[in-house]
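Contents: one structure, followed by commentary.
In what follows, chains are A, B, ... by sequence order, proteins preceding strands, each numbered from 1.
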There are 2 protein chains.
Amino acid sequence: MNTVTSYSNAKPIFVAVDNVIFGFDVAAERLKILLFKRQIEPFKGRWSLVGSFVKPEESTLSASMRILSKFTGLSDVFLEQLRCYGAVDRDPEDRVISIAYYSLIQLDEPQKKLVEVHNAAWFELQDLPNLVLDHEHMVEDALARLKENARRRPVGFNLLPAKFTLPQLFKLYQEIYQLPIDDRNFRKKILATGLLNKLGTKDKSGSKKGAFHYAFDRSKYIELEMQGYHIEFH
Amino acid sequence: MNTVTSYSNAKPIFVAVDNVIFGFDVAAERLKILLFKRQIEPFKGRWSLVGSFVKPEESTLSASMRILSKFTGLSDVFLEQLRCYGAVDRDPEDRVISIAYYSLIQLDEPQKKLVEVHNAAWFELQDLPNLVLDHEHMVEDALARLKENARRRPVGFNLLPAKFTLPQLFKLYQEIYQLPIDDRNFRKKILATGLLNKLGTKDKSGSKKGAFHYAFDRSKYIELEMQGYHIEFH
DNA sequence: TCAAAAGTGTTGGGATTACACCCATGG
DNA sequence: CCATGGGTGTAATCCCAACACTTTTGA
């Protein structure tokens with residue numbers, strides 16, 4: 001870089017990233033979002049999406065991954081950009097634009113413990129506290145995007161463990177759409193994608209009879225991630 | 001704002017907007033994109049999307065509207081955010097992130113003249129020059145978004161004049177998808193949306209027989225813009 | 001009268017909805 | 001043996017793709 005840039009007429013702006021991290025609590029059958037208590041003024045101590053300023057030497061995506069990793073210990077999980085929030089007065093303290101990302105992760109028991117370290121906690125969608133700045137808007141947009149994506153791409157599997165059951169998958173989709181779905185048709189549609197491999201084992205935690213374990217077919221996943229599809233859940 | 005901000009640990013970054021402006025040349029039956037010759041180093045004189053740095057006192061959306069208006073004279077047209085491009089090395093001169101927007105406008109004869117003032121020109125999709133930075137990537141993403149949107153929302157009408165004919169609309173969709181479409185099924189589907197009002201007049205510029213003028217129903221447009229639909233064009 | 005574009009309908013097949021009962025098991 | 005959740009099938013309907021000819025009119 002030049003010490004005297006040709007961009008010297010322009011004024012730089014603070015750039016932040018904020019992550020809408022979704023987790024599916026299989027035990028509770030609830031879709032949840034990770035929030036933490038903001039560490040800096042203004043609004044210190046209030047609930048916020050997990051975020052950070054973007055450093056000069058990292059991309060916005062890297063910044064998002066850094067934060068995701070810091071709070072969940074995870075890397076190599078589903079993480080996509082949502083959009084940029086660029087209103088002038090979105091932060092009363094200074095001019096800050098934020099790039100929102102959203103992420104889908106497995107929310108297991110170790111994960112629940114882990115986040116406590118950072119003053120973070122998992123909240124049900126129906127039970128979110130007031131959030132700082134425009135973060136409620138970000139959550140709303142992220143949820144809309146998740147709904148849209150779930151009917152076009154095999155994103156749901158990112159929220160489940162490697163082995164899962166059809167009843168679990170079914171409950172997840174009901175949570176995403178917050179609607180009752182016909183379970184027989186759901187099975188037909190989801191099996192018809194070819195994404196699921198039935199395993200020989202059963203999960204007996206949910207019933208006497210037990211439900212078969214499934215794993216998703218990674219190569220088929222990649223294929224459909226590219227092509228896309230369109231499934232309407234009723 | 002405080003003179004000493006509590007964000008003083010963070011380093012601000014240059015923020016730009018870039019616009020992918022689509023216009024449909026009804027006469028040529030071609031979808032086109034507006035480009036201009038970059039005015040500043042580096043890459044001065046090379047073809048670029050129209051863009052600008054974001055000023056501290058304007059939102060990213062305002063910046064995008066400012067640029068759109070400067071080059072086309074238009075306001076109050078279709079303009080949506082595409083996404084943020086935040087790679088560290090996307091601009092070799094300095095750290096600059098860019099928020100890309102895309103816009104759909106009517107490309108009539110006056111418009112063609114107007115842009116020449118700013119060293120700008122309209123290019124067919126198949127005939128784009130090499131673009132600076134990551135602008136080719138932006139165009140690619142914008143086109144993918146347009147295709148996606150055109151099957152879910154009534155966006156196509158933004159590219160046509162107030163009165164248009166079904167053959168024109170049909171040609172537009174063929175341009176968007178760059179595929180041959182069955183014209184009878186296309187008419188059925190597009191008329192079934194209830195978006196079109198048939199006018200009594202005809203446009204005889206395209207044929208001896210003449211094609212009926214249509215206008216789109218604004219209230220139905222708003223309704224479907226909210227609800228969305230799903231049409232596959234074959 | 002003919003060239004050139006506009007306009008129009010039907011049918012067969014595939015997909016989707018709606019819907020209710022049997023299965024397996026542990027206690 | 002029974003309560004609980006897991007798993008299964010079909011018929012009726014709707015939707016959609018495929019497909020070719022007639023109309024209008026200016027030159």
Determine whether the aromatic ring centres of residues Phe71(A) and His118(A) are separated by less than 6.0 angstrom. yes

Is any side-chain heavy atom of Lys209(A) less than 4.5 Å from a side-chain heavy atom of Lys202(A)? yes

Nearest-angstrom distance from the residue atom CD1 of Ile181(B) to P of dC19(D): 17 Å

Qualifying ring-ring contact (aromatic ring centres under 6.0 Å, His included) pairs, either residue in residues 183-206 of chain B, two or more places apart: Phe170(B)-Phe186(B), Tyr173(B)-Phe186(B), Phe186(B)-Phe233(B)

Interatomic distance where CZ belongs to Arg187(A) and P belongs to dG6(D) [whole Å]: 8 Å

Selection residues 129-151 of chain B - residue pairs positive for ring-ring contact (aromatic ring centres under 6.0 Å, His included), sequence neighbours left out: Tyr85(B)-His137(B)

Among residues 153-179 of chain A, which contact DNA chain C at a heavy-atom distance under 4.0 Å? none

Going 5' to 3' through nucleotides 19-27 of chain C, assign each nucleotide B (protein heavy atom under 4.0 Å from a base atom), S (under 4.0 Å only from sugar-phosphate atoms) or - (no protein heavy atom that close). BB--BBBB-

Distance, nearest 0.5 Å, that separates CG of Asp141(B) from CD of Glu148(B): 12.5 Å

Side chain to side chain contact (heavy atoms under 4.5 Å, CB included) for Asp134(B) and Arg90(B)? Distances and angles first, verdict last. CA-CA 7 Å; Asp134(B) 50 5; Arg90(B) 58 177 291 282; 2.7 Å; yes

To the nearest angstrom, how far is Asp203(B) atom CG from dT24(D) atom P? 18 Å

What integer distance in Å separates Glu29(A):CD from dG5(D):C1'? 11 Å

Which parts of residues 223-234 of chain A get close to DNA chain D, meaning a heavy atom less than 4.0 angstrom away? none

Could you measure the distance from the CG atom of Leu104(B) to the CG atom of Leu146(B)? Nearest 0.5 Å is fine. 6.0 Å

Please set out all donor-acceptor pairs under 3.5 angstrom arising from side-chain atoms of residues 22-34 of chain A, sequence neighbours excluded.
{"residue": "Asp25(A)", "atom": "OD1", "partner": "Ala27(A)", "partner atom": "N", "Å": "3.2"}
{"residue": "Asp25(A)", "atom": "OD1", "partner": "Ala28(A)", "partner atom": "N", "Å": "3.1"}
{"residue": "Asp25(A)", "atom": "OD1", "partner": "Lys112(A)", "partner atom": "NZ", "Å": "3.4"}
{"residue": "Asp25(A)", "atom": "OD2", "partner": "Lys32(A)", "partner atom": "NZ", "Å": "3.0"}
{"residue": "Asp25(A)", "atom": "OD2", "partner": "Lys112(A)", "partner atom": "NZ", "Å": "2.8"}
{"residue": "Glu29(A)", "atom": "OE2", "partner": "Lys171(A)", "partner atom": "NZ", "Å": "3.0"}
{"residue": "Arg30(A)", "atom": "NE", "partner": "Glu124(A)", "partner atom": "OE1", "Å": "3.3"}
{"residue": "Arg30(A)", "atom": "NH1", "partner": "Glu175(A)", "partner atom": "OE2", "Å": "3.3"}

Whole-Å distance, Phe186(A) CZ to dG6(D) C1', equals 14 Å

What distance do Ile222(A) atom CD1 and Gln227(A) atom CD have between them, rounded to the nearest 0.5 Å? 12.5 Å

Expressed in angstrom and rounded to an integer, what is the separation of Phe212(B) atom CZ from dT8(C) atom C1'? 13 Å

So among Arg187(A), Lys189(A), Lys188(A), which one has a side-chain hydrogen bond (donor to acceptor under 3.5 Å, both in side chains) with Asn185(A)? Lys188(A)

Provide, to the nearest angstrom, the distance between the CG atom belonging to Leu196(B) and the P atom belonging to dG7(C). 12 Å

